[in-house]
Amino acid sequence: MVSLSDTPTCVLIQGDGIGPEVTPAAVEALDAAVKAAYGGRRAIAWREALAGKRAFDAVGTPLPPETVEAIRTARLALKGPLETPVGGGIRSLNVALRQILDLYACVRPVRYFPGVPAPVTHPERVDVVLFRENTEDVYAGIEWREGTPEALRVIAFLNGEMGCSISEDSGLGVKPMSVHGSKRLVRRAIRYALENGRRSVTLVHKGNIMKFTEGAFREWGYEVAAQEFAERTVTEAELGHVEHAEDLAGVTPPGTVLVKDRIADAMFQEILLRPERYDVLALSNLNGDYLSDAAAAQVGGLGLAPGANIGDEIAVFEATHGTAPDIAGQGLANPGSVILSGAMLLRHLGWPEAADRVETALARVLVSRRVTADLAPGIEGAELLTTAAFGRAVAEEAS
């Protein structure tokens, strides 16, 4: 989406736990960058809304209809981490929002910022954007508890009618993966790669075992490339690729993107040993859940990991970490995840100049060793900043 207004409305959900600390810090940085980039001609009109435990305590429901309608109307939201209250009637608020608003693509860029402590020798080799399917697979939430009448009915059907052999003391879950859901995710990943000068899109799957779900995801992904992007994509097979050979993205025809696939467990090793060979990843839900966090860990953790949940009409940008109630209210939390998610929001609006300011400002603060409590122990000579002070430092650099 490109903004048609210089003052677009964005729903702001502060969140729970550390949310009321990290979210205002991010807003301060984003507002400063927008003002500096456009001389005051543009500004985001923030509209606060409740969700999570704060909403439950205030109005008796963790996801008020007014909040959902506000996001539908604005088509844009920035949110902190949410706690799903016990007894709230919803398994996961984040999952509920994604399903209600059809935010089918979880987009997670992962890159390294110099000066950040990292557990690997060359974190700078990681520069990858993960597109994780957001509404199907295990996140469909279709399951039955062991021993319930529903579980026993399903087991009886599968054993009696489908020739299965499932023990009666089993819990059951259904893993739906559709042509429509898979193709739209891969389509968005390929479009992103083409529009942003990325070299390759890798389909990540467990199709060697689950042939009609994970394997189908792979097949449908290649179909999208062949049927919709034939002139602008090329596959490893077309280039004569041999498994485990050197990445061929560097020898693709100009203006094209290499489409390839990797089995999920092998991809975990690849992202550790050869991350520079991978650029954009398109993943089914569970694989994307694991790999996005694993990739973020290589560059220093979730404190600096941005994320967005995007559909065809609506986009919600959010912290990728949790509510961290053990440090809430102490000024210890890192607002970097929400700040960088905000930079993604600015790019979504078509405001790249402001987004560049945010990212450059954050990098300057980090390289100057002004950091929050999560990063300070690993940085010699670090200046410890509170959550609010870190946001203010980024805002000053962005101004």
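Owing to the predicted nature of the structure, the values given are computational and were not obtained by experimental measurement. What you see below is based on every heavy atom in this structure, not just the backbone, and it leaves out hydrogens, waters and symmetry mates.
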> Is a salt bridge present between D312 and R75, judged by a nitrogen-to-oxygen distance below 4.0 Å?
Replying inline: no
>> Salt bridge check, K183 against E228: does any charged N sit closer than 4.0 Å to a carboxylate O?
In response: no
> Any chance CZ of R72 has more than 12 other-residue heavy atoms, nucleotides or ligands included, within less than 6.0 Å?
Replying inline: yes
>> Please give the remaining members of the hydrophobic cluster of W220, linking ILVMFWY side chains under 4.5 Å, ordered by chain and number.
In response: V179
>> Using modelled atom types and a 3.5 Å cut-off, is there a donor and acceptor pairing between side-chain atoms of D261 and backbone atoms of L203?
In response: no
> Does T23 reach the side chain of L12, with side-chain heavy atoms less than 4.5 Å apart?
Replying inline: yes
>> Taking the cut-offs as 6.0 angstrom to the six-membered ring centre and 45 degrees off its axis, would you call R218 and Y222 a cation-pi pair?
In response: no
> Is there side-chain contact between L30 and V358, with heavy atoms separated by less than 4.5 Å?
Replying inline: yes
>> Can you tell whether the side chains of K260 and D279 come within less than 4.0 Å, N to carboxylate O?
In response: no
>> Please determine whether residues I310 and W351 belong to a single hydrophobic cluster, defined as Ile, Leu, Val, Met, Phe, Trp and Tyr linked transitively by side-chain heavy-atom distances below 4.5 Å.
In response: yes
>> Under a plain distance cut-off of 3.5 Å, with no hydrogens placed, do D169 and S167 share a side-chain donor-acceptor pair?
In response: yes
> Side chains of K79 and L97: closer than 4.5 Å at any heavy-atom pair?
Replying inline: yes
>> Using salt bridge (Lys or Arg N to Asp or Glu O under 4.0 Å), reason through D127 and R198 one step at a time and then give a plain yes or no.
In response: CA-CA 10 Å; D127 184 6; R198 293 283 181 158; 3.3 Å; yes
>> Whether R199 and E276 form a salt bridge (side-chain N of Lys/Arg under 4.0 Å from carboxylate O of Asp/Glu) is what I want to check.
In response: no
>> Could you tell me if R191 sits above the aromatic ring of F229, with its cationic atom closer than 6.0 Å to the ring centre and no more than 45 degrees from the axis?
In response: no
> Could D31 and K35 be called an ion pair, given the rule that one side-chain N must be under 4.0 Å from one carboxylate O?
Replying inline: no
>> When you compare the side chain of P117 with that of I379, does any pair of heavy atoms fall below 4.5 Å?
In response: yes
> For L286, does its backbone N or O pair with a side-chain atom of D137 as donor and acceptor, under 3.5 Å?
Replying inline: yes
> Does any N or O in the side chain of H205 come within less than 3.5 Å of the main-chain N or O of G207, such that one atom is a donor and the other an acceptor?
Replying inline: yes
> Under 3.5 Å, is there a donor-acceptor pair linking the side chains of Y112 and R125?
Replying inline: no
> Do side-chain atoms of T320 reach the backbone of P306 as a donor and acceptor pair under 3.5 angstrom?
Replying inline: no
> With distance as the sole test, does Q227 use its side chain to make a donor-acceptor pair with the main-chain N or O of V224 at under 3.5 Å?
Replying inline: no
> Salt bridge or not for D102 and R184, using N-O below 4.0 Å?
Replying inline: yes
> Tell me, do P109 and M344 make a side-chain contact under 4.5 Å, heavy atoms counted?
Replying inline: yes
> Just by distance, do the side chain of T386 and the backbone of G331 share a donor-acceptor pair under 3.5 Å?
Replying inline: no
> Between CD1 of I339 and CG of L362, what distance do you get to the nearest 0.5 Å?
Replying inline: 6.0 Å
> Is the backbone N or O of V259 less than 3.5 Å from a side-chain atom of T233, with the two atoms forming a donor-acceptor pair by type?
Replying inline: no
> I71 versus I314: any side-chain heavy-atom pair under 4.5 Å?
Replying inline: yes
> Which residues satisfy the side chain to side chain donor-acceptor pair (under 3.5 Å) test with H321, sequence neighbours excluded?
Replying inline: none
>> Could you go through E236 and R262, starting from their C-alpha distance and side-chain angles, then the distance that decides it, and tell me whether this counts as salt bridge (Lys or Arg N to Asp or Glu O under 4.0 Å)?
In response: CA-CA 11 Å; E236 287 180 323; R262 296 292 182 269; 3.0 Å; yes
> Passes side-chain contact (heavy atoms from CB on, under 4.5 Å), Y290 versus R132? Steps please.
Replying inline: CA-CA 10 Å; Y290 296 150; R132 169 194 175 198; over 6 Å; no
>> Please check: side-chain N/O of N94 versus main-chain N/O of L82, any donor-acceptor pairing under 3.5 Å?
In response: no
>> For the residue pair S178 / E136, report whether a side-chain donor-acceptor contact shorter than 3.5 Å exists.
In response: yes
> Looking at Y38, does the NZ or CZ of R42 lie under 6.0 angstrom from its six-membered ring centre and within 45 degrees of the ring axis?
Replying inline: yes
>> Whether the N287 and E214 side chains hold a donor-acceptor pair (N or O, under 3.5 Å, no angle test) is what I'd like checked.
In response: yes
> Charged N to carboxylate O under 4.0 angstrom, D356 versus R347?
Replying inline: yes
> Which heavy atom of Q99 sits nearest a heavy atom of A140, and at what distance?
Replying inline: NE2-CA, 3.9 Å
> Below 4.5 Å, heavy atoms only, C-beta onward: do F157 and N159 meet side chain to side chain?
Replying inline: no
> With no hydrogens and no angle check, is any side-chain donor or acceptor of S337 less than 3.5 Å from a backbone partner on G303?
Replying inline: no
>> Run the side-chain contact (heavy atoms from CB on, under 4.5 Å) test on L281 and V129 for me, step by step, so that the C-alpha distance in whole Å, both residues' side-chain angles and the decisive distance to 0.1 Å come before the verdict.
In response: CA-CA 6 Å; L281 305 183; V129 183; over 6 Å; no
> Quick one: does S170's side chain have a donor or acceptor within less than 3.5 Å of a partner on I166's backbone?
Replying inline: no
> Do you see a donor-acceptor pair shorter than 3.5 Å between the side chains of E133 and Y104?
Replying inline: no
> Below 4.5 Å, heavy atoms only, C-beta onward: do R274 and Q269 meet side chain to side chain?
Replying inline: yes
N/O donor-acceptor pairs under 3.5 Å from side chains in residues 367-375, not counting sequence neighbours:
{"unit_1": "S368", "atom_1": "OG", "unit_2": "R364", "atom_2": "O", "d": "3.3"}
{"unit_1": "S368", "atom_1": "OG", "unit_2": "V365", "atom_2": "O", "d": "2.7"}
{"unit_1": "S368", "atom_1": "OG", "unit_2": "R370", "atom_2": "NE", "d": "2.7"}
{"unit_1": "S368", "atom_1": "OG", "unit_2": "R370", "atom_2": "NH2", "d": "3.4"}
{"unit_1": "R369", "atom_1": "NH1", "unit_2": "E380", "atom_2": "O", "d": "3.0"}
{"unit_1": "R370", "atom_1": "NH2", "unit_2": "E397", "atom_2": "OE2", "d": "3.0"}
{"unit_1": "T372", "atom_1": "OG1", "unit_2": "D374", "atom_2": "OD1", "d": "2.6"}
{"unit_1": "D374", "atom_1": "OD2", "unit_2": "N334", "atom_2": "ND2", "d": "3.1"}

